[in-house]
Amino acid sequence: MRTMLKDTYAGDVSPDMDGERVRLAGWVHEVRDLGGIKFVLLRDRTGVVQLTLPKAKVPEDTFERAGKLRKESVISVVGEVKANEKAPGGVEVIPERIEVLSESETHLPLDPTGKVDADLDTRLDARVLDLRREEPRTYFMVRNTFTTAVREYLENHGFVEVHTPKIIATATEGGTELFPVVYFERDAYLAQSPQLYKQMLMGAGFERVYEIGPIFRAEEHNTRRHLNEAISIDIEMSFIEDEEEPMEVLEGMLEHAFERVRQEHSEELKRMGIEVPEVEAPFERITYEEALDILSEHGIEVEWGEDIPTEGERKLGEVFEDEPVFVTEWPKETRPFYTMVKDEEKGTTRAFDLLFRGIELASGAQREHRYDVLRAQIEEDGLNPESFEKYLEAFRYGMPPHGGWGLGLERTLMTMLNVPNIREVTLFPRDRKRLEP
RNA sequence: GCCCCGGCGGUGUAGCCCGGUCUAUCAUCCGGGCCUGUCGAGCCCGGGACCCGGGUUCAAAUCCCGGCCGGGGCGCCA
């Protein structure tokens, strides 16, 4: 990366570049004025480098200007690299010229050097400044590595990326609340999931699709693991024999993506005290019934047919520690109409959830591809098949057996990085209280 | 939707329980000064705050009520 104003990243300046002339640009991290010598710490997205200005060795106006720099102003610098043991990292830059490109106001809403803590709420209010800090920046570099690795894996396994509509006409799965939007003269909603469209693409013969896109949930929840707008990684695949195949894609993909993050970010994560766990496919698999038994052994009673409550998820997280675990064979009543029933007598389905560190990261299933059965299940759920007409049509002209899952991106990152609040890994989170920035 | 908790300078806090030199603590920060090796620089001087409204009281940051804003738990989910 080079521009006319910048040819070197702060983090790339190293002692073996001694004598080289560099153009740097970034933010004034700190200024230490000792009178006859001044130190300016220049920060960019790669790190911090020290500019050293001994009065006798730099032009007078540059020396004067350095003393007047305000924290967080944007500057560009032309200078010479000097290896020097006294400098942090053993290297510093002696500037010839310092140009202020944009001056920062004083009284910053928070301290980007991180010497003084700020509450998450304060940080999110001043998110642009907050994102200049190393920790949040690292989270989003990890996020980028993660989604890149996900695409890599899925592309290598024959999945094609698609984009389905986010403005929809009807409630998809029922259940969660939808955000209404005014669509010209009609009512419409923001999509809570790409589910129905992914399936329609199976009918279209795409065979393997994935989508990384936003989902919207109008639930008034107020917790550290919920957002009203989140990113979902979704796949759907055709010609599967059972739900085992999409599960294998999920565990393989996560193994790969976690490994990538470990490879590319271990250094800065270690500095922050974060260790990304090694996850290895195949993951543990237990049935819903076995999960209930385990919980019962730990004093948590869940009635068959009920969803596993938060307390139970947490307990399972303790039991399986850093091991992701699939919970399979969920009862029919806990699952939406498009889920394929596995055992009519027992009332179990081909649905699965992926739990990791006590939190639900993904859910998926083999879907019902038989038109008549699907239609009947819509009715059983108390929904009107007529409002699913266009969806159902996809099942009338040849629909392969298929299945897939949706994985919450932010949920995955927050558990992977062990951060206490999902908002940490979201650039500009949307929750019950927050609509801006 | 139900429940719990909290609001003090730009930021993070002490003080609140047990009202009274609180003329409000400390750090960071901001402004000024000194200093040629800082790296959480140091030293000196200065600046800046009790969420809003009402009530109780001789007296309210402190007690009570309401509002606003925020944090979290549950439910539901990714």
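Residue numbers start from 1 in every chain, and the chains themselves are labelled A, B, ... in the order their sequence lines are given, proteins ahead of strands. What you see below is based on every heavy atom in this structure, not just the backbone, and it leaves out hydrogens, waters and symmetry mates. The model shown is predicted, which means the values in this text are computed figures rather than measured ones.
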What integer number of Å spans the [atom1] atoms of [N] and [M]?
N      : M      : atom1 : answer
B/rG73 : B/rG32 : C1'   : 50 Å
B/rG70 : B/rC76 : P     : 26 Å
B/rC3  : B/rC22 : P     : 41 Å
B/rA24 : B/rU36 : P     : 37 Å
B/rG46 : B/rC26 : P     : 13 Å
B/rG7  : B/rC64 : P     : 13 Å
B/rG15 : B/rA49 : C1'   : 13 Å
B/rA61 : B/rG19 : P     : 14 Å

[X] [atom1] to [N] [atom2]: how many Å, rounded?
X      : N      : atom1 : atom2 : result
A/I308 : B/rA78 : CD1   : C1'   : 16 Å
A/N222 : B/rC77 : CG    : C1'   : 15 Å
A/R224 : B/rC4  : CZ    : P     : 20 Å
A/K68  : B/rC30 : NZ    : C1'   : 18 Å
A/H107 : B/rG9  : NE2   : P     : 13 Å
A/D121 : B/rC69 : CG    : C1'   : 9 Å
A/K315 : B/rC74 : NZ    : P     : 14 Å
A/E30  : B/rG42 : CD    : P     : 10 Å

Among [options], which nucleotide has an atom closest to any side-chain atom of [X]?
X      : options                : result
A/Q50  : B/rU38, B/rG10, B/rG12 : B/rU38
A/I37  : B/rC76, B/rG37, B/rC29 : B/rG37
A/E360 : B/rG37, B/rA78, B/rG70 : B/rA78
A/E219 : B/rG75, B/rU36, B/rA78 : B/rG75
A/R411 : B/rA78, B/rU38, B/rG12 : B/rA78
A/P54  : B/rC76, B/rG73, B/rU36 : B/rU36
A/A87  : B/rC74, B/rU38, B/rU11 : B/rU38

Classify the nucleic acid contact of [X] as base, sugar-phosphate or nothing, counting any heavy atom under 4.0 Å across all strands shown.
X      : value
A/D119 : sugar-phosphate
A/K38  : nothing
A/D307 : sugar-phosphate
A/L407 : nothing
A/E92  : base
A/A230 : base
A/P88  : base
A/L361 : sugar-phosphate

Pairing nucleotide - [N], Watson-Crick or G-U, each distance under 3.5 Å:
N      : answer
B/rC26 : B/rG12
B/rC68 : B/rG7
B/rA61 : none
B/rG42 : B/rC34
B/rC2  : B/rG73

### Toward the 5' end of RNA chain B, by each residue's nearest nucleotide, A/N228 or A/D431
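Residue closer to the 5' terminus by nearest nucleotide: A/D431.
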### Message
Reading RNA chain B from 5' onward, which residue's closest nucleotide shows up sooner: A/T223 or A/A362?
### Response
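Looking at the nearest nucleotide for each, A/T223 comes out on the 5' side.
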Please evaluate the base of [N] for a donor-acceptor partner in the side chain of [X] within a cut-off of under 3.5 Å?
X      : N      : answer
A/R70  : B/rC30 : no
A/R225 : B/rA78 : no
A/E311 : B/rG73 : no
A/H221 : B/rC74 : no

### Task
Mark yes when over 12 heavy atoms from residues, nucleotides or ligands other than A/R45 sit less than 6.0 Å from its CZ; otherwise mark no.
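12 or below, so no.
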#### Entry: Flag if over 12 foreign heavy atoms under 6.0 Å of CZ, A/F140
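Yes, because the 6.0 Å sphere around CZ of A/F140 holds more than 12 heavy atoms from other groups.
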Within the pair [X] and [N], is there a side-chain N or O less than 4.0 Å away from OP1 or OP2?
X      : N      : answer
A/R123 : B/rG70 : no
A/T52  : B/rG37 : no
A/N421 : B/rG72 : yes
A/K86  : B/rU38 : no
A/T310 : B/rG75 : yes
A/S363 : B/rA78 : yes
A/R423 : B/rG72 : yes

### Message
Looking at A/T223 and A/R225, would you say the former's side chain and the latter's main chain have a donor-acceptor pair under 3.5 Å?
### Response
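Answer holds: yes.
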### Task
Output yes when a side-chain donor or acceptor of A/N421 lies under 3.5 Å from a complementary backbone atom of A/R423, and no otherwise.
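Confirmed, A/N421 side chain pairs with A/R423 backbone.
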### Task
Flag the pair A/K82 and A/D18 as a salt bridge only when some basic side-chain nitrogen lies within less than 4.0 angstrom of an acidic carboxylate oxygen.
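No salt bridge links A/K82 with A/D18.
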Aromatic plane relationship, [Y] with [X] - under 30° parallel, 30 to 60° tilted, over 60° perpendicular:
X      : Y      : result
A/F352 : A/F326 : perpendicular
A/H256 : A/Y153 : tilted
A/Y391 : A/F388 : perpendicular

### Message
Using a 6.0 Å distance limit plus a 45 degree cone around the ring axis, check whether A/K38 lies over the aromatic ring of A/F63.
### Response
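Ring-cation test returns yes.
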Name every donor-acceptor pair, under 3.5 Å, that has one atom in a side chain of residues 267-282 of chain A and the other anywhere in the protein, sequence neighbours excluded.
unit_1	atom_1	unit_2	atom_2	d
A/E268	OE2	A/H265	ND1	2.9
A/R271	NE	A/E134	OE2	3.2
A/R271	NH2	A/E134	OE2	2.5
A/E278	OE1	A/R262	NH2	3.2

